[in-house]
Every structure is written in C-alpha cells, then in structure tokens.
There are 2 protein chains.
Amino acid sequence: METTVGLRERKKAETREAVHQATIRLAVERGLDHVTVDDIVAAANISRRTFSNYFANKEDALLYGEEQRIRSLLRGVRGRPLDESGWQALLGAVREMLADTGEPDREWAVRTSLCKRHPSLLARQLANHAGLERELAQAIAERDGEDARGMRPRLLAAAFLVALRIATNVWIEEQEARPLSQIIEETLAQIARPFG
Amino acid sequence: METTVGLRERKKAETREAVHQATIRLAVERGLDHVTVDDIVAAANISRRTFSNYFANKEDALLYGEEQRIRSLLRGVRGRPLDESGWQALLGAVREMLADTGEPDREWAVRTSLCKRHPSLLARQLANHAGLERELAQAIAERDGEDARGMRPRLLAAAFLVALRIATNVWIEEQEARPLSQIIEETLAQIARPFG
DNA sequence: GGCAAACTTGCACACTGGGCATGTATCGTA
DNA sequence: TACGATACATGCCCAGTGTGCAAGTTTGCC
C-alpha cells in the first residue's frame, strides 16, 4: 500500500507509535492523570521537548490511534464508487472497514473505556469526531450534489457518527459479547428509521 | 421562582457570573488564548486562587452560560407532562424554552462562534453535550418504559442534540437572518424522517 | 455578641507548552 | 562517496496553570 518511504519518515512513524503505545500502557496502569509527560518520555526514550514535537499533550498522544482510524474511515468514504449516494457510501465504508480489520482490537475498547472515565479525553475525542463530521458532510454533499453548508449533509454525517459512537458504547458495556459489526448495523438501521 | 436565598449564596452567584462575563468580554476582545487567568481575575476583582474555587479553567468559565442553558433544557424535559412520549417531551421542552426566553441573545451566538474557532472550547462544549445526552437518554427511557442502557433512548437523545447543534451552526452561519426556532424545527423534522 | 461554617486569599510547588539555540542524523546531488 | 542543505532531537528557559495547605475574613445562626 505504501510506497517505499525514506528512513527519516519511518523513524518518525516509529517514534510516534512508540510514544502512543507508552501513553496507553501507562494510562491503563495508573489512569491518565497519574501519568506525567515525563513518565511517558522516560518510557519511550525521548526527551520531553521531543514529545512536544509529536503531540501537543498526552491526550493527543493517547488518542492518536483513534485519529488514524478516523482518517481511514474518511478515506474509505471518499474511495467509494461514485454512483453510491452519500448514505450508501457511509454504510459501505464502515462495512468495508470492519471487514478489512476484522473485529476491532481490544486496544480500541481500552481507549474508549478510558475516555468514559476521563473527561478531558472524552472532550478531545468528541472534538476529533466533530472534525470528521465536517469532512464527511463535505463528502456527502459532493456525492448528492448539494451545498455542503446545507443542513441535510450535516445531519446525515452527524447521525451516522452518532450511530457509530453509541454502538461502540453499547458494545463496550456488553463486555464485547456481541460482534461490534452487528451492533453497528442495528444502530445505523434505527437512526435511519423515522421516530417520534 | 427562587425562594429568598442567603446573602452568601447570592454573592457566590454574582461572583461566578462576573467571572463568566469578564471571561467572555476578554475572549471576544483578544481571543481566548491571548487571555490569561490573571487577566480574568484582574477584570473580575478576585484572586487567582479564588478563580479556581469557581472554575477549573478558563474554558469552563467561558462556557458557564452554556452549562446553565443545558441544565434548564434538562429541567424542561423532566417537567413535561408524563403522558408525552420521550420524543414529544424533547420537542415540547425545546419549544417551551424558545418561547420563554424569546430568540436567544447575541451572547449565545458569540459564545458559539468562539467555539468554532477555538478547538479547546469546542471540545469542552461537546463534552458538556455528552453529559446532557446521557441525562436525556435517562429521562426518555423513564418515559417510554425502556432500559436506559438500551440503544433506542440514547439514539433519540443523541439525534435530538445533533439537530439542535446543527441548527445552531446554520443559524450562526446565516448571520442570524432567520429565527433560530424555525431552523430548529427544520432540523428536528429532518432527523425524525427516514433517510438513506 | 460570639462561635462555627463557609469562603477568600497568598504562598508554594509540580507540571505544562512552546520559543530559541545547538548538535546530529538523513537526504539529494554532484 | 563526499558534502551542503534540511529536517529533526535535545537542552535550556520561562510564562502560565492547577491545586494542597494554612492562614485571614465574611456570613449564618443561636
């Protein structure tokens, strides 16, 4: 998938990943607010100053994986056949993603659980979602030939993300008893149906 | 509405409001990240330490009004006649609120605009919404006689808030040309209708 | 008036984010 | 392969932040 990329780029990616992993590990062990940036850099063998070159703060370091997942989903939507409507493309992209990566890793569940306990994490995660929502609305508007500033594309994008978010929460609360893909299908079906 | 309350309580409320207003004023003047807590406490005539007794940080101070509005909406929903369904109660509460306070003040528009520019504000605002969402889901579940941990009450609450949030954004982007209440009715109608 | 509880304030301290200067690894090119 | 340019890591520094603690001060209540 990736063309051969320079050593410099690879090292950066490795460092970023190492910092991310170290942050998760420490946060799981002690809870994020008993982890300082100094702890993280010690675990990842970099200087505190370097940490700042990669992430603005520890929340970002922890949620880096989430950010990757978000970018991936967005790429998926953009890459769907152009004859699909906006909503179809959203459904297609999420199904494709679940099929590709199989059931999501426990790490994801762990990250999401951490978010529920820690307000500052939840906040940042939702902000990431908001960014995604805007991009999705844009993509949908292009597909359906509408104005991206209109309300319909935005409502579609937002409703879609709501369904994903709630499905994830349910999945985690059920201790991952059912496959996530099944729960997602349910929430997506529910939200696409009229209520009142 | 309020029973006579002690001097102490009144003073606290005044101080909190003063800090809140000072924060908004300064943030509008220079942008929130060119405002320090020291600036705020100077403007509000309190010590830096006291600031922390009221708010955890300047974002919270700025969004205090939003928090009030949220609590008010939640009270509204809880206070709706018990024969209304969850969704009806949501609609009723928001209409009641708009009718009571009339068209929302410019201050609200200003706050919301600030959020769009400043990521840390957006994050905190969305976290507040998440809190409200949980409570709304709870209230809906009670009305409709369902499990609060099931997906339907949550989807209703989330979809409702999505409609409000997007309506607000549209309203602001249109420079408040149309009444907010009208835009809200539109987004609520849209999201309650099937799509795909 | 006077005591207790609640609140404010100043101080101290660990932690954070980021600008700047300097050393070091990598890259592109001749 | 050598070398200049560039990107990156690091250390130092400093303003800003959040919070526990130990006073002082105001308010509530008898």
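We name chains A, B, ... by the order of the sequence lines, and we start the count at 1 in each one.
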Could you check how far CG of N45(A) sits from C1' of dT10(D), rounded to whole Å?
14 Å

On a heavy-atom basis, which atom in H118(B) and which in S120(B) lie closest, and how many Å separate them?
CD2-OG, 3.0 Å

Whole-Å distance separating the CG atom of L7(B) from the P atom of dT27(D)
5 Å

Lys/Arg-Asp/Glu bridge criterion (N-O < 4.0 Å) met for R25(A), E29(A):
yes

Phosphate contact (dT9(C) OP1 or OP2) by S47(B) side-chain N/O below 4.0 Å:
yes

Rounded to the nearest Å, what distance is computed from the CD1 atom of residue I40(B) to the P atom of nucleotide dG18(D)?
10 Å

Start with the C-alpha gap between E173(B) and R154(A), add the side-chain angles, then the distance that decides, and say whether salt bridge (charged side-chain N to carboxylate O under 4.0 Å, His left out) holds.
CA-CA 13 Å; E173(B) 282 163 31; R154(A) 293 198 210 182; 2.4 Å; yes

Between the side chains of Q190(A) and E186(A), is a donor N or O closer than 3.5 angstrom to an acceptor N or O?
no

Would you kindly give the CG-to-P distance between N53(B) and dG10(C), to the nearest whole Å?
12 Å

Can you tell me how far P of dT9(C) sits from NZ of K11(B), to the nearest Å?
11 Å

Which of these nucleotides, dT27(D), dT10(D), dT8(C), is closest to any side-chain atom of Y54(B)?
dT8(C)

Crowding at CZ, R16(B) (>12 non-hydrogen neighbours, <6.0 Å)
yes

Can you build the contact string for nucleotides 15-20 of chain C? Use B for base contact, S for sugar-phosphate-only contact, and - for no protein heavy atom under 4.0 Å.
SSBBBB

K12(B) atom NZ is separated from dT25(D) atom P, nearest whole Å, by 21 Å

Does the side chain of N128(B) come under 3.5 Å of the side chain of R124(B) through a donor N or O and an acceptor N or O?
no

Would you mind telling me which of dT6(D), dC7(C), dT9(C) lies closest to the side-chain atoms of R8(A)?
dT6(D)

Please give, in whole Å, the distance from dT9(C) P to I46(B) CD1?
7 Å

What is the distance from CZ of R10(A) to C1' of dC8(D), rounded to the nearest Å?
16 Å

Over 60° means perpendicular and under 30° means parallel, so tell me whether Y64(A) and F55(A) are parallel, tilted or perpendicular.
perpendicular

